[in-house]
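The structure appears below as structure tokens.
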Amino acid sequence: MPTPIRRSPMVIVAFLALAAFGSACSQNALEFTIGECVNLPDGTQISDYETVDCGEAHDAEVYALPQHPDGPDAAFPGQSVLEEFADERCKQDFEAYVGIEYNQSTIYSTALTPSQESWDGAEDREIVCLLVGEPLEDSSGFAQLTGSKEGSGE
């Protein structure tokens, strides 16, 4: 599971992968939509995910999809550069979606970033900013959310 951006430097451990697996409930990782609630598979490479009704318990809610500014011919900048960019941009977009500053919120945030494979092979520059519950004590993931957090002020 991704690591939260919570009042400390962000460490992102989930990366978008290029593969897609079709099923009625699954979405290609390169097709996230702002406002959708999702369940993510375990692991560090996300190739598909399950969308769920926001009224049901879910792993995360997509709240922003900023694009890294490097063009299609740019070399992969490295994971730490993408993590820093994601940290900054996701925190910038947090208040507009949730309705409260990140540092005052009870909601956590994390991000998915392109893998080198998707950066090079699919010209993927999208960062996926996700709202998540608080980290579990055993560091195995996050508490699930229920209900959309858009405009919640939580």
**Distance-only donor-acceptor check, side chains Thr146 and Glu56, under 3.5 Å** = no
**Prompt:** Does Leu65 belong to the same Ile/Leu/Val/Met/Phe/Trp/Tyr cluster as Ile107, with side-chain heavy atoms less than 4.5 Å apart forming each link?
**Reply:** yes
**Item:** Test item: Ser115 and Phe76 side chains (from C-beta on) under 4.5 Å apart, heavy atoms
**Value:** no
**Item:** Glu36 backbone acceptor or donor facing Thr33 side chain under 3.5 Å
**Value:** no
**Prompt:** Ser109 versus Val132: any side-chain heavy-atom pair under 4.5 Å?
**Reply:** no
**Request:** Would you give the length of the straight line joining atom CG of Asp70 to atom CG of Leu82, rounded to the nearest 0.5 angstrom?
**Result:** 8.5 Å
**Complete:** Closest non-hydrogen contact found for Ile127 with Pro114 is CD1-CD, 3.8 Å
**Any side-chain heavy-atom pair of Phe85 and Pro69 under 4.5 Å** = yes
**Asked** If you look at every heavy atom in Val128 and Phe32, which pair is closest and at what distance?
**Response** CG2-CD1, 3.6 Å
**Request:** Would you name the heavy atoms of Tyr97 and Ser148 that are closest together and state the gap between them?
**Result:** OH-OG, 4.1 Å
**Asked** Short question: side chain of Glu61, backbone of Lys149 - any donor-acceptor pair under 3.5 Å?
**Response** yes
**Item:** Side-chain heavy atoms of Glu88 within contact of Glu84, under 4.5 Å
**Value:** no
**Fill in**
d(Glu126 CD, Glu123 CD) to nearest 0.5 Å is 14.0 Å
**Asked** Which value, rounded to the nearest 0.5 Å, describes the distance between Gln144 atom CD and Glu134 atom CD?
**Response** 13.5 Å
**Request:** Answer yes or no: is there a side-chain heavy-atom contact under 4.5 Å between Cys90 and Tyr63?
**Result:** yes
**Request:** For Asp59 and Leu40, work out which heavy atoms get closest and say how close.
**Result:** OD2-N, 2.8 Å
**Asked** Okay, side chain of His58, backbone of Leu145: is any donor-acceptor separation there less than 3.5 Å?
**Response** yes
**Item:** Pair Gln79, Thr113: side-chain N/O donor-acceptor within cut-off below 3.5 Å
**Value:** yes
**Message:** Can you give me the closest heavy-atom contact between Val52 and Ala57, atom names plus distance?
**Reply:** CG2-O, 4.3 Å
**Prompt:** Does the side chain of Tyr49 come within less than 4.5 Å of Asn39's, by heavy atoms?
**Reply:** no
**Request:** Return the minimal non-hydrogen interatomic distance between Ala64 and Asp93, and the atom names on each side.
**Result:** CB-OD2, 3.4 Å
**Message:** I'd like to know if the side chain of Arg125 reaches the main chain of Trp119, judged simply by a donor and an acceptor atom lying under 3.5 Å from each other, with no hydrogens or angles considered.
**Reply:** yes
**Prompt:** Roughly how far, to the nearest 0.5 Å, is CG of Asn103 from CD of Glu101?
**Reply:** 7.0 Å
**Request:** Show the numbers, then the answer: is there a side-chain contact (heavy atoms from CB on, under 4.5 Å) between Val98 and Ser152?
**Result:** CA-CA 6 Å; Val98 178; Ser152 70; 3.9 Å; yes
**Request:** Examine Leu136 and Leu131 and state if one hydrophobic cluster contains both, with Ile, Leu, Val, Met, Phe, Trp and Tyr joined whenever side-chain heavy atoms are less than 4.5 Å apart.
**Result:** no
